[in-house]
K.L.:
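Before I ask anything, here is the structure I am working with.
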Protein chains: 2
Amino acid sequence: MSYTYKYPHYSVTVDCVVFALDMVEDELRILLIRRGEEPYKGMWALPGGFVQPDESLHCAAERELGEETGVRNIFLEQLYTYGEPDRDPRERVLSVAYYALVDINAYELHASSDADDAAWFSLSDLPELAFDHSEMIKCANGRLQGKIEYQPIGFELLPGKFTLRQLQKLYEIILNKTLDKRNFRKKILKMEILDELDEIEKDVTHRAARLYSFNKTRYEEKVKSGLYFEI
Amino acid sequence: MSYTYKYPHYSVTVDCVVFALDMVEDELRILLIRRGEEPYKGMWALPGGFVQPDESLHCAAERELGEETGVRNIFLEQLYTYGEPDRDPRERVLSVAYYALVDINAYELHASSDADDAAWFSLSDLPELAFDHSEMIKCANGRLQGKIEYQPIGFELLPGKFTLRQLQKLYEIILNKTLDKRNFRKKILKMEILDELDEIEKDVTHRAARLYSFNKTRYEEKVKSGLYFEI
DNA sequence: ATTCCTAAGTGTAAATAGTACACTTAGGAG
DNA sequence: CTCCTAAGTGTACTATTTACACTTAGGAAT
């Protein structure tokens, strides 16, 4: 099968920068796949692939991510489109980059489709990557750092029920600065967008912390009446 | 001439949302062109067009904007990529949208290329637009409102020499709220990123205000040493 | 030249938000 | 029962933001 056009057309891919938190090592992690096909066969790269004729860009990103890594139903947002004429050695390929936030414990990785392997890498210790994928990660990290301070997207990196300590650590890791425990708690609780649950964390070797959950409906109500989320 | 590919490829265009300020009517304006070709021939649309094989997306946006309207050398930044399969009635076309900021007095509009006409429209009184261009403008306006509060991009909408009143009005128009004159001046001057010039405005029928210019070098220095621009 | 009109330019006090900081409590491990 | 770790909590100080009104300058009109 072949496709013929009157004017120049380009291949279009989507690539996903998937972030997760490693609360043990206190670092951000990125989901990478090992390429099973040329070019860059055997090299680590962002999960992604070609956009099919009848799917939207967003759907393509969701599909490729699911196919290659098993990760589904997550926060996914368009980041930037990379279109330098020579960014792919085969021919001109545009890539619409997306970034995603995921609770690292919610998924078991399953490499498949064009990926030989899928694994989490520390943001501070990435392997050499295919194409311009390093640049995409840098861009995504900048976006994440900027957005997390004034939009309640951090919760996407945590399980539905979390402790205030986990939430604080999340901000400390992403913004790369320490926060004062008492001031942080005061600030986040004052917004009244967290539900205090009747549960405490389990399997810890010290006093267990209370669990909270993010109340999105409440947040949206509060935004309407003037709340400006800010950490 | 025809182009044949093994896998599906798509047409790629760039479209530009060009903002300017009307200081007389106190409103934001958008640069539109009247389409000279099908589809949507005769309808108003954003300036833009097909990406050529050897130019980057950014270059394509600059070129199309220059060709269709005469506007060149301006602040231009990628916004979002639109790729719904049916957004163009001819075939699948992706459009990489850019937004731009320009001093409305710095250019004389020259419609040419695929455009029959080019004109400024008030953001609050736009005609019906081709494709999904209304959505692009909405998105661009959101980005502008968000970005102008914490990045010094507003100066791009003013001439190189401006009064503090003009600068304040700019923020008032874009953010759609009034600001206190004394507090605004205090805030912006305290940043020490404006040069106070030995000139005052001309041709005004009242006391002439002092002119200032944005010192970008000074701004970047200050950012390095911890300045966080915010209005 | 005098008056009128418009916008330029300027400071202070009160309220709010942000920061710095340390001890007691709870609970599992040994 | 002791030890260890992190949970949980309040206050005083500092910085920032807000609200607010009058005098000055300069051209236009008479």
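So you know, we letter chains A, B, ... as the sequences are listed, proteins then strands, and number each from 1. As a basis for the values below, the full set of heavy atoms in this structure was taken, side chains included, without hydrogen atoms, waters or symmetry mates.
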K.L.:
Base, sugar-phosphate, or nothing: which does Arg210(A) touch, judged by heavy atoms less than 4.0 Å apart?
P.N.:
sugar-phosphate
K.L.:
Which comes earlier along DNA chain C counting from the 5' end, the contact point of Lys181(A) or that of Ile200(A), where each point is its nearest nucleotide?
P.N.:
Lys181(A)
K.L.:
Side chain of Asn183(B) only, heavy atoms from C-beta on: which candidate in dG9(C), dA17(C), dC20(D) is closest?
P.N.:
dC20(D)
K.L.:
Without decimals, in angstroms, what is the distance between Ile231(B) CD1 and dT17(D) P?
P.N.:
10 Å
K.L.:
Is Glu192(A) paired with Arg218(A) through a side-chain N to carboxylate O contact shorter than 4.0 Å?
P.N.:
no
K.L.:
Quick one: on DNA chain D, does Asp180(A) or Ala209(A) contact a more 5' nucleotide (nearest heavy atom)?
P.N.:
Ala209(A)
K.L.:
I need the CD-C1' distance between Glu201(A) and dG8(D), as an integer number of Å.
P.N.:
13 Å
K.L.:
Just how far, in rounded Å, is P of dA25(D) from CG of Asp203(B)?
P.N.:
21 Å
K.L.:
Quick one: Lys186(B) NZ to dA15(D) C1', roughly how many Å, whole number?
P.N.:
13 Å
K.L.:
Would you indicate what Arg165(B) reaches in the nucleic acid, counting non-hydrogen atoms under 4.0 angstrom: base, sugar-phosphate, or nothing?
P.N.:
sugar-phosphate
K.L.:
Out of dA17(C), dA7(D), dC21(C), which has the shortest distance to the side chain of Arg182(A)?
P.N.:
dC21(C)
K.L.:
Return the nearest nucleotide to the side chain of His206(A); candidates are dT5(D), dT16(D), dC21(C).
P.N.:
dT5(D)
K.L.:
Please give, in whole Å, the distance from dG18(C) P to Phe184(A) CZ?
P.N.:
14 Å
K.L.:
Would the distance check show the side chain of Arg143(A) and the main-chain N or O of Leu79(A) forming a donor-acceptor pair, the cut-off being under 3.5 Å?
P.N.:
yes
K.L.:
Separation of Glu230(B) atom CD from dG18(C) atom C1', in whole Å?
P.N.:
13 Å
K.L.:
Let's see if you can work this out: which of dA17(C), dA29(C), dG9(C) has an atom nearest to the side-chain heavy atoms of Arg207(B)?
P.N.:
dG9(C)
K.L.:
Can you find a side-chain donor-acceptor pair between Lys186(B) and Asn183(B) that sits under 3.5 Å?
P.N.:
yes
K.L.:
Can you tell me how far C1' of dA15(D) sits from OH of Tyr228(B), to the nearest Å?
P.N.:
18 Å
K.L.:
Kindly say whether, by distance alone, the side chain of Lys187(A) makes a donor-acceptor pair under 3.5 Å with the base of dG18(C)?
P.N.:
no
K.L.:
Anything under 30° is parallel, anything over 60° is perpendicular, the rest tilted; go ahead and classify Tyr99(A) against Phe75(A).
P.N.:
perpendicular
K.L.:
So if I apply the ring-ring contact (aromatic ring centres under 6.0 Å, His included) rule between Phe162(A) and each of Phe155(A), Tyr212(A), Phe214(A), which one comes out positive?
P.N.:
Phe155(A)
K.L.:
What is the distance, rounded to the nearest whole Å, between atom OH of Tyr212(A) and atom C1' of dA7(D)?
P.N.:
10 Å
